[in-house]
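Just below is one structure, and these are the notes that go with it.
Everything numeric here is computed off the predicted structure, so don't read it as measured data.
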Amino acid sequence: MTRIVTVGAAQLGPIARTESRAGVVNRLLALLHQAKSNGCDLVVFPELALTTFFPRWYFEDQADIDAWFEPRMPGPETEPLFDAARRLGIGFYLGYAELAEEEGRTRHFNTSILVDKAGVIVGKYRKVHLPGHAEHEPWRRFQHLEKRYFETGNLGFPVTRAFGGIFGMCICNDRRWPETYRVMGLQGVEMVLLGYNTPVHNPPAPEHDALGNFHNSLVMQSGAYQNGTWVVGVAKAGCEEGVDQIGNTIIVAPSGEIVAACSTLGDELALARCDLDLTRSFKTTVFDFAKHREPQHYGLIVARKGAIPPP
Ligand code: CDV
């Protein structure tokens, strides 16, 4: 029996700074309904999908920062998404800014959840590779203050059994790191879901600007192939508050081939019928980790952040 999961990659166009959560949720609901009428089992929304990409601004007042975060999931504005998932029988991945009370303090994470067809949260991930900077850098045309507003995720890269397969999640910058896919690959992941907000312009390295879409596809296609997994990467695209963000939302097969893509920079759904059993042909041959991977011969175990091997 084949294991087909029909996936909708639900790209969003820009979200204005003044746009309410309720307004954004209505856009998400429209995409969810469109996905359902196209036979989808699962819809993937972008990173920080409920608001504009707020780390582009420097805020001094903690209350101004916390206003972008969700203290509860679902909360009053997001409950309609969970209700619709339950009613329609469709799952979703959602990225949002999470305010958590843990270890006796308030914590801030860049988070994603996986919700099943019963509207139940079955997986949670907190972004590990936070890009950008922690201090205000006025020379930049726009800020990227993820290192100021979020803590590093503390859940690792777990996988979840759902939708008849093994699912993993990551968020935006995580997709550029081979460890992200490999840690999930070693747990047998069959589909990696991820959302992103990627400005076209990279202030510290403007010479990379023309390569944004190329690098986006490159990392997801190689992550998919090298781990024999599907990868679904979904953008918040277009010109948001004066900052151009790439689109290039794609669904990648375990072969590394792109099987569906968005063609605009607005709200758009890309669809694919994904056979989870296609992963077998890679996981049991060229990337049979148990048979061919040789970690004991790699000669280096780097456990410390930034550790550099001796010359
Ligand atoms: N939101 C992100 O993580 N964006 C980064 C940018 C800053 C390079 C990305 O990797 O796309």
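The existence of a salt bridge linking Glu241 and Arg17 is excluded, since no basic side-chain nitrogen approaches an acidic carboxylate oxygen closer than 4.0 Å. Taking 4.0 Å as the cut-off between side-chain N and carboxylate O, Arg27 and Glu19 count as a salt-bridged pair. In this structure, Glu102 pairs ionically with Arg126, as a charged nitrogen and a carboxylate oxygen lie closer than 4.0 Å. Remark: Asp275 does not engage Arg3 in a salt bridge, criterion side-chain N to carboxylate O under 4.0 Å. Checked for salt-bridge contact, Glu47 and Lys127 meet the test: a charged N lies under 4.0 Å from a carboxylate O. In this structure, Glu146 does not pair ionically with Arg56, as no charged nitrogen and carboxylate oxygen lie closer than 4.0 Å. The residues Arg105 and Glu101 are annotated as not salt-bridged, no charged nitrogen and carboxylate oxygen being separated by less than 4.0 angstrom.
Around atom CD of Glu257, no more than 12 heavy atoms belonging to other residues, nucleotides or ligands sit under 6.0 Å away. For CZ of Arg161, the number of neighbouring non-hydrogen atoms (other residues, nucleotides, ligands) closer than 6.0 Å is 12 at most. For Glu60, the CD atom counts as loosely surrounded, since its 6.0 Å shell holds 12 or fewer non-hydrogen atoms of other residues, nucleotides or ligands. In the displayed structure, Arg273 atom CZ is contacted under 6.0 Å by at most 12 heavy atoms of other residues, nucleotides or ligands.
Taking OG1 of Thr198 as the start and CD1 of Ile246 as the end, the distance is 4.5 Å to the nearest 0.5 Å. Taken from CZ in Phe163 to CG in Leu193, the straight-line distance is 8.5 Å, to the nearest 0.5 Å. With rounding to the nearest 0.5 Å, the separation of CZ in Arg140 from NE2 in His201 is 8.5 Å. How far OG1 of Thr180 is from CD1 of Ile171: 10.5 Å, rounded to the nearest 0.5 Å.
Checked by atom type, the side-chain pair Thr264/Glu268 shows a donor-acceptor distance below 3.5 Å. Looking only at atom types and distance, the side chain of Arg148 has no donor-acceptor partner in the side chain of His136 under 3.5 Å away.
Side chain of Asp244 to main chain of Val200: no donor-acceptor pair is present (N/O by atom type, distance under 3.5 Å, no hydrogens or angles). Between the side chain of Thr249 and the backbone N or O of Ala235 there is at least one donor-acceptor pair closer than 3.5 Å. Side-chain atoms of Ser217 never come within 3.5 Å of backbone atoms of Phe214 as a donor-acceptor pair (strictly under, hydrogens ignored). Panel note: side chain Lys117, backbone Ala85; no donor-acceptor pair is recorded below 3.5 Å. A donor-acceptor pair is defined here as one N or O able to donate and one able to accept, closer than 3.5 Å; such a pair exists between the side chain of Tyr181 and the backbone of Arg175. With hydrogens and angles disregarded, a donor-acceptor distance shorter than 3.5 Å links the side chain of Glu240 to the backbone of Ile15. Glu98 contributes no side-chain N or O that, together with a main-chain N or O of Thr111, makes up a donor-acceptor pair within less than 3.5 Å. Not one N or O on the side chain of Gln143 forms a donor-acceptor pair closer than 3.5 Å with the backbone of Tyr58. No donor-acceptor pair closer than 3.5 Å links the side chain of Lys124 to the backbone N or O of Leu114. Remark: the backbone N or O of His133 is not paired with any side-chain donor or acceptor of Glu137 at under 3.5 angstrom.
Hydrophobic clustering, with ILVMFWY side chains joined whenever heavy atoms are under 4.5 angstrom apart, keeps Val231 apart from Phe45. No path of Ile, Leu, Val, Met, Phe, Trp and Tyr side chains, each step under 4.5 Å between heavy atoms, connects Leu265 with Phe142, placing them in separate hydrophobic clusters. One hydrophobic cluster, built from ILVMFWY side chains closer than 4.5 Å, cannot hold both Val232 and Ile4; they sit in different ones. In the hydrophobic clustering of this structure, Trp57 groups with Phe53; members are Ile, Leu, Val, Met, Phe, Trp, Tyr whose side-chain heavy atoms approach within less than 4.5 Å, directly or through other members. In the hydrophobic clustering of ILVMFWY residues, with side-chain heavy atoms under 4.5 Å counting as a link, Leu29 and Ile90 come out together.
Note: Tyr125 and Phe157 meet the aromatic proximity criterion, with ring centroids under 6.0 Å apart.
Partner of Phe54 under the ring pair (Phe, Tyr, Trp, His ring centres under 6.0 Å) criterion, out of Tyr96, Phe59, Phe69: Phe69 alone. Screening Asn216, Asp174, Asn248 for a side-chain hydrogen bond (donor to acceptor under 3.5 Å, both in side chains) with Tyr196, the sole residue that qualifies is Asn216. Under the side chain to side chain contact (heavy atoms under 4.5 Å, CB included) rule, Asp116 has a single partner from Val122, Thr160, Ile121, which is Val122.
Between Leu145 and Glu135, every side-chain heavy-atom pair lies at or beyond the 4.5 Å cut-off. A heavy-atom distance below 4.5 Å is found between the side chains of Cys274 and Ile251. A heavy-atom distance below 4.5 Å is found between the side chains of Leu276 and Met191.
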Quiz prompt | Stepwise side-chain hydrogen bond (donor to acceptor under 3.5 Å, both in side chains) check, His144 with Asn202 | solution = CA-CA 10 Å; His144 199 107; Asn202 181 10; over 6 Å; no

Quiz item: Are Asn38 and Gln34 close enough, and set up right, to give a side-chain hydrogen bond (donor to acceptor under 3.5 Å, both in side chains), and what steps lead you there?
Solution: CA-CA 6 Å; Asn38 281 281; Gln34 198 184 324; over 6 Å; no

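Judged by a 6.0 Å distance limit and a 45° cone about the ring axis, Arg182 is not positioned over the six-membered ring of Trp177.
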